[in-house]
Peer 1: 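Below is the structure I would like to discuss, written out as structure tokens.
Numbers here are sequence positions counted from 1. In this text the structure is predicted, and so the values were computed from the model without any measurement. The figures here come from the full heavy-atom set of this structure, side chains too, leaving out hydrogens, waters and symmetry mates. Both counts, for ligands and for their atoms, begin at 1 and track the order of listing.
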Amino acid sequence: MKYMHIHTLGCRLNQAESDVMLQKLYELGYEITSGEHPADLCIIHTCAVTHEAEVKCRKVIRHTIRQNPNAEIVVIGCYVEKDIETLKNIPGIDLIVDNKRKMDWLPYIKGAKQKTLSILTGTTWELHSIRHCPSTKPITIPGFHRANIKIQEGCDCYCSYCIIPYLRGPSRSRDINDILQEISWRIQAGVKEIVLTGVNIGNYNFEGENLITLLDRIYEQFGNKARIRLSSIEINSLNEDFLIRMKDNDYPLVPYLHIPLQSGSNTILKKMNRQYEREFYRDFVLQTVDTVPDIGISTDVLVGFPGETPLLFDETLKFLENLPLFFMHIFPFSPREGTPAYSFPEQVPNLEIDRRVDLLIELSKRKRKIFYEKSQNTVRPVLFEEKENEHWQGYTDNYIRVLSRNPECLENKLCHVRLENIFIDHMNGTVLNIIN
Ligand code: SF4
């Protein structure tokens with residue numbers, strides 16, 4: 001028996017790709033180890049979205065090499081695209097793979113520690129499809145109840161602060177038949193929630209099929225066998241068609257949206273090269289809450305973008321205070337070499353960025369509490385995933401983390417739960433009945 005360990009950093013898209021790799025490695029005879037057996041193969045799936053992410057990647061790589069001196073070490077993903085030279089100088093790595101070869105490196109593993117470093121890089125992005133990411137029949141891996149399914153790759157937006165289009169290439173959409181096939185296999189393997197994932201999923205377009213027609217095809221084929229969640233989606237890809245579907249109780253699309261805002265100041269949005277104004281964002285969020293009252297909406301905010309004066313930051317703060325959001329991910333701006341914003345004038349001092357981040361984190365906590373209070377004593381469907389300190393843990397359809405004490409095994413069970421006590425990042429609830 002051979003053992004593997006995979007460490008995935010970064011976004012849900014990386015997670016979806018890691019899942020595909022794990023399945024393929026299963027077919028090659030590898031089992032996952034979480035430390036109980038020494039690993040023969042360690043994969044570090046990297047992220048380079050911020051400077052901090054890069055630091056973390058290097059730390060994880062060095063730690064993995066130290067802990068697994070005899071394992072074959074493979075480093076793949078965005079950090080390879082961003083800074084392969086640094087990686088070449090870290091002793092102990094056996095194989096480095098960039099994003100262009102991300103899905104075809106398995107034949108290159110040797111099954112044992114190597115004396116020399118191998119490097120696998122591509123020259124061009126596959127432009128029109130993601131045919132390098134075909135479906136693999138999933139093997140039931142314990143603990144996989146929510147499946148991230150990659151539907152799209154790359155981005156054409158070129159927001160002025162973002163390195164992603166340079167690391168993952170232009171927008172390409174995966175063959176719809178491949179996606180449906182993978183969903184079918186996942187449902188057969190017992191998965192009860194599908195998360196449609198990509199860099200910019202609103203851009204999905206495969207031979208005339210867009211994200212809405214993809215959702216309808218999933219519904220036609222699988223009905224309510226699994227609930228469907230969208231990963232992050234840009235505001236200008238959304239419209240009423242999504243809301244109508246979320247509102248329909250028979251339709252499997254859950255009432256949850258993560259819509260990155262980044263700034264509540266039109267001056268800053270323009271400098272960021274975001275393709276909307278704050279009024280457009282606000283109007284859609286208000287329309288959404290009006291149409292789907294229980295919806296959970298979260299967002300990303302980038303703080304301290306060059307030129308964000310205290311006055312412009314206040315615009316963002318006030319704008320967010322008045323929006324019915326559930327929670328916010330707050331990112332301090334860090335200049336990424338290779339992006340236009342790297343050399344923008346009027347960079348904001350780090351101490352001031354930290355102050356603004358703290359204010360927004362505080363606001364996010366208040367918003368979460370308001371959302372929890374609104375949900376208190378209501379009944380929602382919760383998909384339980386695992387047991388944590390005597391409590392079963394899962395998420396509602398609108399993405400509230402729920403803990404419940406229950407003598408029965410609730411792993412991978414969808415249940416009606418009455419939401420009761422409020423805690424900082426979750427609610428407690430009582431299971432009323434098991435749906436399936
Ligand atoms: S939409 Fe903008 S922020 Fe998002 S991946 Fe594309 S370029 Fe980056």
Peer 1: Pick one: which of K271, E279, R274, R278 meets side chain to side chain donor-acceptor pair (under 3.5 Å) with N266?
Peer 2: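 Checked K271, E279, R274, R278 against N266; only one passes side chain to side chain donor-acceptor pair (under 3.5 Å): E279.
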Peer 1: So, for V348 and E308, which heavy atoms are closest and what is the spacing to 0.1 Å?
Peer 2: CG2-O, 3.8 Å
Peer 1: I'd like to know whether ligand 1 has Q262 as a neighbour, heavy-atom separation below 4.0 Å.
Peer 2: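 The answer is no: ligand 1 sits nowhere under 4.0 Å from a heavy atom of Q262.
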Peer 1: Examine the proximity of ligand 1 to P165 and report which part, side chain or backbone, both or neither, has a heavy atom under 4.0 Å away.
Peer 2: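 For P165, the contact with ligand 1 is made by the side chain alone.
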Peer 1: Provide, to 0.1 Å, the distance between atom 4 (Fe) of ligand 1 and the closest protein heavy atom, together with that atom's residue and name.
Peer 2: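 Its nearest protein heavy-atom neighbour is E234 OE2, 3.8 Å.
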Peer 1: Of the backbone and side-chain N, O or S atoms of C157, does one lie nearer to atom 8 (Fe) of ligand 1 than 2.8 Å?
Peer 2: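 No - counting backbone and side chain alike, C157 has no N, O or S atom under 2.8 Å.
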Peer 1: Tell me, which protein residue and heavy-atom name are nearest atom 3 (S) of ligand 1, and how many Å apart are they?
Peer 2: Y161 OH, 3.4 Å
Peer 1: Please list the nearest protein heavy atom to atom 5 (S) of ligand 1 with its residue and the distance rounded to 0.1 Å.
Peer 2: V199 CG1, 3.5 Å
Peer 1: Is any side-chain heavy atom of F326 less than 4.5 Å from a side-chain heavy atom of R368?
Peer 2: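 Yes, side chains in contact.
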Peer 1: Give the ring-plane orientation class for Y161 versus F305, where under 30° counts as parallel, over 60° as perpendicular and anything between as tilted.
Peer 2: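 Y161 vs F305 ring planes: perpendicular.
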Peer 1: Assess the side chains of T33 and H5: does a donor N or O sit below 3.5 Å from an acceptor N or O?
Peer 2: no
Peer 1: Tell me which protein heavy atom sits closest to atom 7 (S) of ligand 1, plus the residue, atom name and distance to 0.1 Å.
Peer 2: C159 N, 3.4 Å
Peer 1: Identify, for atom 6 (Fe) of ligand 1, the protein heavy atom at the shortest distance, and state residue, atom and that distance.
Peer 2: C155 SG, 2.3 Å
Peer 1: Is K110 paired with E72 through a side-chain N to carboxylate O contact shorter than 4.0 Å?
Peer 2: no
Peer 1: Of the side chain and backbone of Y158, name the one, both, or neither that has a heavy atom under 4.0 Å from an atom of ligand 1.
Peer 2: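 Within the 4.0 Å criterion, Y158 contacts ligand 1 through backbone atoms alone.
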Peer 1: Can you list the atoms of ligand 1 that are under 4.0 Å from a heavy atom of C162?
Peer 2: 3 (S), 5 (S), 7 (S), 8 (Fe)
Peer 1: Relative to the ring of H258, is the ring of H329 parallel (under 30°), tilted (30 to 60°) or perpendicular (over 60°)?
Peer 2: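 Tilted.
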